[in-house]
Amino acid sequence: MRLRFAPSPTGYLHIGNARTALFNYLLAKKHQGRFILRIEDTDIARSKKEFEAGIIEDLRWLGLNWDEGPDKGGDFGPYRQSERLKTYQEFAEKLLKENKAYHCYCTKEELDQRNKELLARKESPRYDNRCRNLSDEQKKKYLEEGRKPVIRFKIPEKTIEVNDLIRGKVSFDTKLMGDFIIMKSDGKPAFNFAVVVDDILMRITTVIRGEDHLSNTPRHIMLFEALNSKIPEFAHMAMTMGPDGSRLSKRHGATSIREYRKLGMLPEALFNYLALLGWGSKKDQEIFTKEELIKEFSLERCKEGAAIFDPEKLTWMNGLYIRKKKPQELAKLSIPYLEEKGLREKEDYLIKVIALERERIKKLSEIPDLIEYFLVEKIKFSPEALLLSKKPEVKEILTSLKQELENLSDFSAASLEKIIREWTKNNGLKTKDVFHPLRVAITGRTIGPGLFETMEVLGKEKVIQRLMEVLC
RNA sequence: GGCCCCAUCGUCUAGGGGUUAGGACGGGUGGUUCUCAGCCAUCAAGCAGGGGUUCGAAUCCCCUUGGGGCUACCA
């Protein structure tokens with residue numbers, strides 16, 4: 001079994017495309033097949049090398065490792081369309097010779113004009129196949145006019161049945177289609193042609209792609225037939241939508257893997273979440289390891305309807321995966337985010353801090369704000385915290401508590417808890433009337449991890465220091 | 001416009017002739033606790049509409065509606 005993911009390097013890896021790549025990957029791995037990466041860069045104007053590199057990086061980051069691709073080669077390369085231009089020409093030549101394709105001299109302007117007229121008459125805008133049987137004389141005349149021909153495929157009249165692995169049989173009547181372009185006037189292959197040639201040459205057996213290609217599939221099938229090649233199996237998965245139900249796009253906010261990666265999503269969370277978009281297990285299970293997904297995945301269980309990408313559920317799942325990570329791992333992952341905010345800290349201290357805050361982290365990008373008060377010399381007070389710290393009765397409590405703490409030599413959480421609870425009781429106070437002000441004084445905020453653990457990690461010196469600052 | 005695909009809580013989904021229509025996210029409430037988070041418990045929320053078929057339809061068929069796609073010298 002050979003499957004491929006074939007992105008165009010015209011931008012960063014889109015969530016929807018990543019999902020397509022993921023499904024291809026899962027099926028390939030499930031059947032011990034090959035997962036192949038192919039770069040469709042025939043659109044020179046929009047394709048950029050940096051996007052190709054970006055897509056490769058993000059696919060790797062997500063954990064979708066391919067067996068053959070432009071970066072690692074393989075027996076059926078090249079894996080970049082721009083490197084097979086000659087091949088497309090040869091295949092087109094062959095179709096021309098066999099009278100299955102022909103040159104068309106109509107200009108873009110003429111075509112547009114005719115389509116407009118057809119539309120005005122409420123007819124289907126499509127090519128009228130007028131160049132199918134041009135005389136040599138006419139061809140010569142057109143050439144003399146300086147027209148650069150395209151090559152069109154001569155569509156046979158028939159009904160094409162696509163046996164889709166997700167949707168079942170879908171049939172198309174080719175009478176409704178005009179002869180389509182396989183080679184553009186600049187000598188580059190049109191998408192519908194390049195895909196077929198590539199899939200033939202790369203021995204692709206199964207094509208999993210977006211539903212937007214379903215309507216193109218009859219064209220592909222005709223081409224496979226014209227080129228006497230085995231037709232691969234097709235599976236068209238429903239599109240990924242934004243919250244308003246339209247195709248997920250930039251106006252919905254972050255749409256690329258790169259953006260979510262920068263936000264601090266873990267690859268395993270994204271992997272798991274994306275697998276659940278349009279596919280579901282028969283069990284009530286939602287959290288899967290990569291291996292479980294490979295084992296469980298099947299096209300039969302793929303949904304036919306479109307799925308709306310839900311960043312909130314992704315975030316929840318990300319929090320879950322974060323809580324499963326070891327503090328030292330998280331500490332390492334947090335470093336770029338801390339540095340971005342100009343924060344830097346010794347590893348062992350950072351690990352302790354992160355261990356305390358771990359269950360509050362939903363995205364790595366939240367870490368700096370969450371732990372800042374552990375790292376900086378001068379803490380910021382939230383408005384609410386500031387108000388509380390100014391209260392006379394609070395100052396009174398903190399003043400005498402400070403003395404108590406100054407005399408304390410064992411600053412462990414257990415010891416602190418024992419002493420402070422006793423002190424509270426002895427002074428006839430309620431725990432929350434002591435704990436809360438204390439937290440506010442030493443952290444500048446009203447929320448956070450356990451008070452005594454926080455104090456232990458901060459250390460006696462910082463705790464006393466911060467109490468002094470509040471009291472003066 | 002023509003052709004094609006799709007339709008279970010707000011969202012992701014399970015269920016494919018007989019179910020109190022199940023779970024998850026998000027939301028509400030309560031518990032745990034020094035706060036938050038987490039965890040636990042609990043509640044609200046759905047078969048798009050209309051016709052068939054059938055003893056019986058979320059489930060099968062048709063229509064309508066709604067959404068999406070293709071119809072490019074984009075991919």
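Order of the sequence lines sets the chain letters (A, B, ...), proteins ahead of strands, with each chain counted from 1. Heavy atoms only: backbone and side chains are in, while hydrogens, waters and symmetry mates are out.
When the ring-ring contact (aromatic ring centres under 6.0 Å, His included) test is applied to A/His436, no partner is found at least two apart in sequence or on another chain. For A/Tyr321, the ring-ring contact (aromatic ring centres under 6.0 Å, His included) criterion is met by no residue, not counting sequence neighbours. For A/Phe193, the ring-ring contact (aromatic ring centres under 6.0 Å, His included) test picks out no residue, with sequence neighbours left out. Applying the side chain to side chain donor-acceptor pair (under 3.5 Å) criterion to A/Lys326, with sequence neighbours excluded, gives no partner residue. Remark: A/Glu83 engages A/Arg80 in a side chain to side chain donor-acceptor pair (under 3.5 Å) (not counting sequence neighbours). With sequence neighbours left out, the salt bridge (charged side-chain N to carboxylate O under 4.0 Å, His left out) criterion links A/Lys108 to A/Asp112. For A/Asp433, the side chain to side chain donor-acceptor pair (under 3.5 Å) test picks out no residue, with sequence neighbours left out.
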Could you pull out the protein-nucleic contacts involving nucleotides 62-70 of chain B (nitrogen or oxygen on both sides, under 3.5 Å)?
residue, atom, partner, partner atom, Å
B/G69, O2', A/Asp212, O, 3.4
B/G69, N2, A/Ser215, OG, 3.2

List every contact pair, protein side and nucleotides 31-38 of chain B side both N or O, where the distance is under 3.5 Å.
residue, atom, partner, partner atom, Å
B/C34, OP1, A/Arg421, NH1, 3.3
B/C34, OP1, A/Arg421, NH2, 3.1
B/C34, O2, A/Arg439, NH2, 2.6
B/C34, N3, A/Leu451, N, 3.1
B/U35, O2', A/Thr446, O, 3.2
B/U35, O2, A/Thr446, O, 3.4
B/U35, O2, A/Gly448, N, 2.8
B/U35, O2, A/Gly448, O, 3.3
B/U35, N3, A/Arg439, NH2, 3.2
B/U35, N3, A/Gly448, O, 2.4
B/U35, O4, A/Gly448, O, 3.3
B/U35, O4, A/Pro449, O, 3.3
B/U35, O4, A/Gly450, N, 3.4
B/C36, O2, A/Arg360, NH1, 2.1
B/C36, O2, A/Gly448, O, 3.4
B/C36, N3, A/Arg360, NH1, 2.7
B/C36, N3, A/Gly448, O, 3.3
B/A37, O2', A/Glu359, O, 2.4
B/A37, N1, A/Glu359, OE2, 3.3
B/A37, N3, A/Glu359, OE2, 2.7
B/G38, O3', A/Arg323, NH1, 3.4

Tabulate atom names and distances for all N/O pairs under 3.5 angstrom spanning the protein and nucleotides 40-47 of chain B.
none

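No contact: A/Arg209 has no heavy atom under 4.0 Å from any strand. A/Val150 comes within 4.0 angstrom of a base, heavy atoms only. Residue contacts for A/Thr315: at a heavy-atom cut-off of 4.0 Å it reaches no nucleic acid atom on any strand shown.
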Can you list, pair by pair, the side-chain donor-acceptor contacts under 3.5 Å of residues 301-308 of chain A, counting residues two or more places apart and other chains?
residue, atom, partner, partner atom, Å
A/Arg301, NE, A/Gly280, O, 2.8

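Residue pairs meeting the salt bridge (charged side-chain N to carboxylate O under 4.0 Å, His left out) criterion with at least one partner in residues 186-199 of chain A, sequence neighbours excluded, are A/Arg4-A/Asp199, A/Arg38-A/Asp198, A/Arg38-A/Asp199, A/Arg84-A/Asp198.
A/Arg209 and A/His236 form a side-chain donor-acceptor contact under 3.5 Å, judged by distance and modelled atom types alone.
Distance check on atom P: B/A48 versus B/C6 gives 15 Å, rounded to whole Å.
A/Lys313 contributes a side-chain N or O that forms a donor-acceptor pair with the base of B/A24 under 3.5 Å.
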